[in-house]
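Accompanying notes for the structure given below.
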Amino acid sequence: MTTNLLDNLNPAQRQAVEVKDGPVLVIAGPGSGKTRVLTSRVAYLLEVRQVFPYRIMAVTFTNKAAREMRERLNKIVGASRGSDVMMGTFHSICARILRRDAPAAGLDRDFTIYDSDDQLKVVKSALDALNLDDKKYKPAAMQNAISTAKNELITPQDLKIETYYSEIVKRVYEKYNAILRTNNALDFDDLLMESVRLLQNSQAVREKMQERYLHVLVDEFQDTNISQYNLVNMIAGRHRNLFCVGDPDQSIYKWRGADYRNVKRLQTDHPDLEVVALDQNYRSTQTILDTAMAIIKKNPNRTHIKLFTEKGPGPKIVVRELSSADDEAQYVIDTINELINQKAAIAGDIAVMYRTNAQSRAIEEAFVRAGMPYKLVGATRFYARKEVKDVLAYLRIVNNPADSVSLQRVINVPARGIGDKSFATLDETARAAGITAFEALKQNKMTGRSIKALAEFATLWQKWVNLRDEMNVGRLFDQIITDSEYREYINDNTEEGNDRWANVLELREVALAAGDAPLSDFLNDVALVSESDNLEETVNAPVMLTLHAAKGLEFRCVFIVGLEEGILPHSRSLENPEEMEEERRLMYVGITRAKERLYLLRAFQRSTWGRSDIAAPSRFLEDLPPALLDGKVRKNSAVLSNVTAWRVETTPALGSFNRATEFKPGDSVYHQKFGEGIVQRSIRQRDDEEVEVTFNDGRTRRLSAGISGLKKL
DNA sequence: CTTGCTACTCTTTTT
DNA sequence: GAGTAGCAAG
């Protein structure tokens, strides 16, 4: 079996798979078969090197990747052995470590995992407890600051205070952590950070782990953050068999704390690091590959890998400019139909990719209009839906009665006469007594109007807690739905109500599938599912997904829509060169998903915030090699003043943006700080005007006409 | 305590 | 333009 597997590899891949023990970094370009190499390496360790499965840890980027790897492995080396390999995402592996060694980590093993929604609520109550104004200190910004700190393993105590604002962050962070702790909850970042702390603080656990894991393998290494790096580096600290696979050019999660410098760090920490490069691409045509390289080579500070393929040139890259987002969507639909009719592809071969989830709407509507099936990754995520979160919150308070965020969510859903006030009193009473709300209810500590309703709720809650270990998740689910009369609450016979109930039933299926697994395992898995995990492969329909979600996937035909300045690259990165490089890598990731056909689309006019807006073509379009294109790219866009020219030429009837503005595209202007510049566009705001100006320093800034003191020259 | 209305933010990207 | 937070009335 194994010999077969190795025979199917090319020399470079084979070299990577059979590399000697010790620290290894495989730099693998897109489509070079890195997942295959990783899987083969594990199989090789099991079969040839006779390593016991439980002594191998393999970290993948998504649960889906772990599942696929396990399936492939089981085919190669036999069912049980593949399953005994410790495999999963960083988050799921950390959750497992923390539950197993909960006492050493100072945790209760039934801790709840809070998602970003829950996190925001905790931030809000922290702000509330500290008497801070959430208008002045935006909860989302606070959450972001806390998350960034945690990803860098910075505790509240270690947080540097440089400004008044950072002093506030520190206090909120402290309070936030305290609330998580009383709720017996961890957020996503805690899973990583607490695992690192556990290994640092407990010699016994550390040595146990270090001894056990003879081999540690990490996929998508370029997107690991500091705590993830520390974690694997520590676990591999004894045997030093750290096998990392990654591609710096595909690093697209910097905003989430990923630090591509981990590649450098790996080299510094392991002078004997063996580096293997995989530069043959097996996925794409030469045309697609050349296009991708033309894009990525504009990034400075990169070590050039020259990718090559033995596939032929294939069709040219189709570049089209449509008049609106709706036209763009229609073009996608029409082209998909054409491809299918001409038998150039089947529906399932096709993907439509975009920068922001908001863009999916126009495409989705076009699919619906055409009566065509489609698959949508992300957007309104299933587990973010109110009804799904409600039912999960019920299960969460049963599993972990200290979870006050979940309690607040369901204590009055459906309405049972326990309002915000009653909940606040309950929370207060419990906190004053140093007990959980659950215990406070049991001890009948409550007084006041809602006492009866509270007592009834307490009875139900106690009943479910008693049932927790007697019933499996599916039966408990049904019991809670019945007792809480949730169905009557949600299913009001409107279309929306039916939809919501259908979602509850879908969740029920997941609960039933859990079988006799403990409730805490079920909740754990549900908290850590990722967007692309639910991608149904057996359904033959085009997929819609963000460029980020497309990582690691491949399709015969790829449409990338919204190639406009402000969308891709996103407006938030226009000012920051590092972020701009990441946008470029995102574009690169998108292009390299395509095996045969690539369509790059943009719209002249796109409505955001209900307002129609002219969009300049993406700078990335200008970097495409013209000889490889079917279609023309208009030059000079973002930074130039001929906005007016193509506006007249191509969009005859766009009345909406001819609102009276003081500044017009092309106007020469002067600003006290930035000097002279040219107006790109101007948008009428309520009682001001937002002017986009490209100054002589080459940078484009958005200014308020009213406040900035911008003058016409 | 609930319901319904108004005002206001908001869009990157996700485990 | 939409979803939600906050507020007033029932």
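Order of the sequence lines fixes the chain letters, A, B, ..., with proteins taken first and strands second; residue numbering starts at 1 for each chain.
Protein atom CG of Asn63(A) is 9 Å distant from nucleotide atom P of dT15(B), rounded to whole Å. Per the geometry, CG belonging to Asn144(A) stands 15 Å off P belonging to dT14(B), to the nearest Å. Asp118(A) has its CG atom 15 Å from the P atom of dT15(B), to the nearest Å. Put simply, NZ on Lys254(A) is 18 Å from C1' on dT15(B), counting in whole angstrom units. Arg572(A) has its CZ atom 15 Å from the C1' atom of dT14(B), to the nearest Å. Spacing between atom CG of Asp326(A) and atom P of dG1(C) amounts to 13 Å, rounded to whole angstrom units. Lys386(A) has its NZ atom 15 Å from the P atom of dG3(C), to the nearest Å. For the pair Lys150(A) NZ and dT15(B) P, the interatomic distance rounds to 18 Å; values are reported in whole Å.
Residues Trp255(A) and Glu579(A) have side chains not in contact (no heavy-atom distance under 4.5 Å, counting atoms from C-beta outward). With a 4.5 Å cut-off on side-chain heavy atoms, Ser484(A) and Leu460(A) do not count as touching.
A donor-acceptor contact closer than 3.5 angstrom is absent between the side chains of Tyr260(A) and Asp223(A).
Here the nucleotide nearest the side chain of Thr89(A), chosen from dT15(B), dC10(B), dT11(B), is dT15(B). Side-chain atoms of Asn357(A) lie closest to dT13(B) of the nucleotides dT11(B), dT13(B), dA5(C). Comparing dT15(B), dA2(C), dT13(B) by their nearest atom to the side chain of Arg361(A) picks out dA2(C). Side-chain proximity of Thr546(A) to dT11(B), dT14(B), dT15(B): nearest is dT14(B). In the set dA5(C), dT11(B), dT14(B), the nucleotide with an atom closest to the side chain of Ala549(A) is dT14(B). In the set dC10(B), dT13(B), dT11(B), the nucleotide with an atom closest to the side chain of Lys138(A) is dC10(B). Of the candidates dT13(B), dC1(B), dT11(B), the closest approach to any side-chain atom of Lys421(A) belongs to dC1(B). In the set dT13(B), dT2(B), dT15(B), the nucleotide with an atom closest to the side chain of Ala415(A) is dT2(B).
Note on Ser422(A): a side-chain N or O is less than 4.0 Å away from OP1 or OP2 of dC1(B). An OP1 or OP2 oxygen of dT2(B) is reached within less than 4.0 angstrom by a side-chain nitrogen or oxygen of Asn412(A).
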Q: Might you work through the side chain to side chain donor-acceptor pair (under 3.5 Å) test for Asn184(A) and Asn400(A), ending with a clear yes or no?
A: CA-CA 7 Å; Asn184(A) 188 24; Asn400(A) 171 21; 3.3 Å; yes

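Toward the 5' end of DNA chain B, the nearer of the two residues Asp420(A) and Gln119(A), judged by each one's closest nucleotide, is Asp420(A). Positionally, the nearest nucleotide of DNA chain B for Gly419(A) lies more toward the 5' end than for the other of Glu582(A) and Gly419(A).
Ring stacking is absent between Tyr253(A) and dT13(B), as the pair misses the limits of under 5.5 Å between centres and under 30 degrees between planes.
Only the P atoms considered, dT4(C) is 16 Å distant from dT13(B), to the nearest whole Å.
Side chain of Tyr354(A) to main chain of Leu545(A): a donor-acceptor pair is present (N/O by atom type, distance under 3.5 Å, no hydrogens or angles).
Atoms CD1 and CD, on Ile296(A) and Gln250(A) in that order, are 8.5 Å from each other to the nearest 0.5 Å.
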